[in-house]
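Okay, so here's the structure we're looking at.
In this chain, numbering begins with 1 at the start of the sequence shown. All values derive from a computational prediction rather than experimental measurement. Counting starts at 1 for both ligands and their atoms, in listed order.
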Amino acid sequence: MAGDGVIGIHDLSFATTEFVLPHTALAAHNGTEIGKYHHGIGQRSMSVAAADEDIVTLGAAAAEPLTVRHGTDRIRTVVLATESSIDQAKSAGVYVHSLLGLPSATRVVELKQACYGATAAVQFAIGLVHRDPAQQVLVIASDVSKYELDSPGEATQGAAAVALLVGTDPALVRIDGPSGLFTADVMDFWRPNYRDAALVDGQESIAAYLQAVEGTWKDYTEQGGHPLDEFSAFCYHQPFTRMAHKAHRHLLNTCGQDTDEAGINRAVGRTTAYNAVIGNSYTASVYLGLAALLDQADDLSGRSVGLLSYGSGSVAEFFAGRVVPGYREHLRTEAHRAAVDRRRTLDYAAYRELHEWSFPTDGSNHPTPAQSTGSFRFAGLRGHKRVYERR
Ligand code: CAA
């Protein structure tokens, strides 16, 4: 049986939306000084889903490159993590399974715990692979983040999906050693079933996140994890990229270490490039941080990277990945940049119209306007059923 040390992330790919709204357009609308967005929260633009995009189309677009490169024979489990679920019963992963033509001998399930869900999926995947080293698990983190118009949270919206192939002898990152865990029953951010947009207590959510940083690190240390100075970089959940800086400063403080800005930048600066232009992608965010680090950093072969996954409510986990020598040959840097660059810029009025757009709930046929140009589209509702198409 394979040991934990040889299981990890074999491949990683992400997709984002058809549209993008620059923060300059939001600032011009609401009169915010742009420095607050660019420097205060560290965001330049946010991905905005077209009417015919959702977590299924994004998830399929993220995962397809993995199935093309590796085939589907070894994938026996698909775990889709999301907090912007499209159905109370059916897993969005079943639609993705169908769009990608995965074998019927597959288990598919959806996981939820706010932005933390994908990390639970990765940990469960490691357990499955440990039990059956021949199988690979396809983990998909897919979310569309939506807050009320004209609310403080509006500037921290975004959308993306990350697909991870978890298996033995990974080409990218080995998941290494113990996890530090933390759960606290807090109401910092939540979305009741009857709402499209999340409710949030912004300052409370930042405090809850920092408390979770401290809690996970304490447990990680007690579990015998690596010392802080063994990590070359830290990938944090990034609801906005300045949060990674706040989180790392808090971790350094907790450990009684210096908190100079240059040191914090060295630890987290290379993880923020995608999140700064995509916005909050909830479950996908920490893995977009990992993608940015791998795509941009100098050779990290053999180095340890800390990952801190936080999901409001709240559950958090700190764990370590060791970057596999030769990983750069397997990266998808060009495709990732293309996914970001291909987005079409919206003006504020068009963004607002999309934000307010919703389906009637009468069960009749409602095609979606054809707006997206990607491989998969959400064609509409027919008799309360979601209909997807491959182009
Ligand atoms: N130039 C430079 N910086 C400026 C500025 C200017 N002109 N004006 C303000 N700033 C700075 C502020 O000083 C502040 O920095 P610090 O936090 O370092 O003090 C920063 O910009 C933000 O300003 P405010 O705190 O006044 O901003 P706000 O009250 O409008 O809201 C927010 C910020 C709370 C993050 C809000 O966007 C929000 O509610 N977002 C959603 C919740 C969220 O993302 N929470 C994060 C933790 S929870 C989590 O991680 C789970 C999840 O995914 C949701």
Atoms in ligand 1 flagged as close to F240, the criterion being non-hydrogen separation under 4.0 Å: 35 (C), 44 (O), 46 (C)
Closer than 4.0 Å: a protein non-hydrogen atom to atom 50 (O) of ligand 1: yes
Residues R377, T368; criterion side-chain hydrogen bond (donor to acceptor under 3.5 Å, both in side chains); working and verdict: CA-CA 9 Å; R377 73 176 289 269; T368 47; 3.0 Å; yes
E154 and H355: side chain donor to acceptor below 3.5 Å: no
Atom 15 (O) of ligand 1 [closest protein heavy-atom partner, distance rounded to 0.1 Å]: G40 O, 4.1 Å
Atom indices of ligand 1, in the order listed, that fall short of 4.0 Å to a heavy atom of Y209: 50 (O)
Any residue meeting side-chain contact (heavy atoms from CB on, under 4.5 Å) with R352, in chain and number order, not counting sequence neighbours: H29, L149, D150, Y348, E356
Protein non-hydrogen atom found under 4.0 Å from atom 54 (C) of ligand 1: yes
Ring geometry between H336 and F14 (parallel below 30°, tilted from 30 to 60°, perpendicular above 60°): parallel
Element-labelled atoms of ligand 1 that are located less than 4.0 Å from some non-hydrogen atom of F189: 54 (C)
Geometric class of the F234/F231 ring pair [parallel <30°, tilted 30-60°, perpendicular >60°]: tilted
Taking atom 26 (O) of ligand 1 as the reference point, the nearest protein heavy atom with its distance: K36 NZ, 3.8 Å
Sub-3.5 Å N/O-N/O distance, P152 and ligand 1: yes
Element-labelled atoms of ligand 1 that are located less than 4.0 Å from some non-hydrogen atom of Y147: 41 (C), 42 (C), 54 (C)
N or O pair under 3.5 Å between S205 and ligand 1: yes
Reference residue Y220; test ring-ring contact (aromatic ring centres under 6.0 Å, His included); the match among F319, F318, F182: F318
Polar side chain donor-acceptor pair, T241 to T272, under 3.5 angstrom: no
Identity and separation of the nearest protein heavy atom to atom 42 (C) of ligand 1: V200 CG2, 3.5 Å
Validation row: L300, Y327 side chains within 4.5 angstrom (heavy atoms): yes
Protein contact to atom 39 (O) of ligand 1 [nearest heavy atom, distance to 0.1 Å]: G202 CA, 3.5 Å
4.0 Å heavy-atom contact, R242 with ligand 1: no
Test item, S312 contacting ligand 1 (heavy atom, 4.0 angstrom): yes
Nearest protein heavy atom under 4.0 Å from atom 11 (C) of ligand 1, yes or no: yes
Validation row: Y287, V139 side chains within 4.5 angstrom (heavy atoms): no
Chi angles and distances behind the side-chain hydrogen bond (donor to acceptor under 3.5 Å, both in side chains) call for T333, D295: CA-CA 5 Å; T333 312; D295 283 350; 3.0 Å; yes
Between N253 and T259: side-chain donor-acceptor atoms closer than 3.5 Å: no
Protein residue, atom and distance nearest to atom 38 (C) of ligand 1, heavy-atom basis: G153 CA, 3.7 Å
Nearest-neighbour protein heavy atom for atom 25 (O) of ligand 1, which is reported as residue plus atom name and distance: Q203 NE2, 3.2 Å
Close-contact set for ligand 1 against Y310 heavy atoms, below 4.0 Å: 48 (S), 49 (C), 50 (O)
Residue T156 vicinity, atoms of ligand 1 by number, heavy atom under 4.0 Å: 37 (O), 40 (N), 41 (C)
L164 CG to L12 CG distance, which is reported to the nearest 0.5 Å: 5.0 Å
For Q238, all residues meeting side-chain hydrogen bond (donor to acceptor under 3.5 Å, both in side chains), sequence neighbours excluded: T271, N275
Protein residue, atom and distance nearest to atom 7 (N) of ligand 1, heavy-atom basis: E33 CG, 2.9 Å
Ligand 1 atoms in contact with G35 (distance to a heavy atom under 4.0 Å): 1 (N), 2 (C), 3 (N), 6 (C)
Side chain to side chain, R332 and D11, heavy atoms closer than 4.5 Å: yes
Atom 22 (C) of ligand 1 - nearest protein heavy atom and its distance: I41 CG2, 3.9 Å
From the candidates Q43, K246, H237, the one that places a heavy atom nearest atom 19 (O) of ligand 1: K246
Any non-hydrogen protein atom less than 4.0 Å away from atom 34 (C) of ligand 1: yes
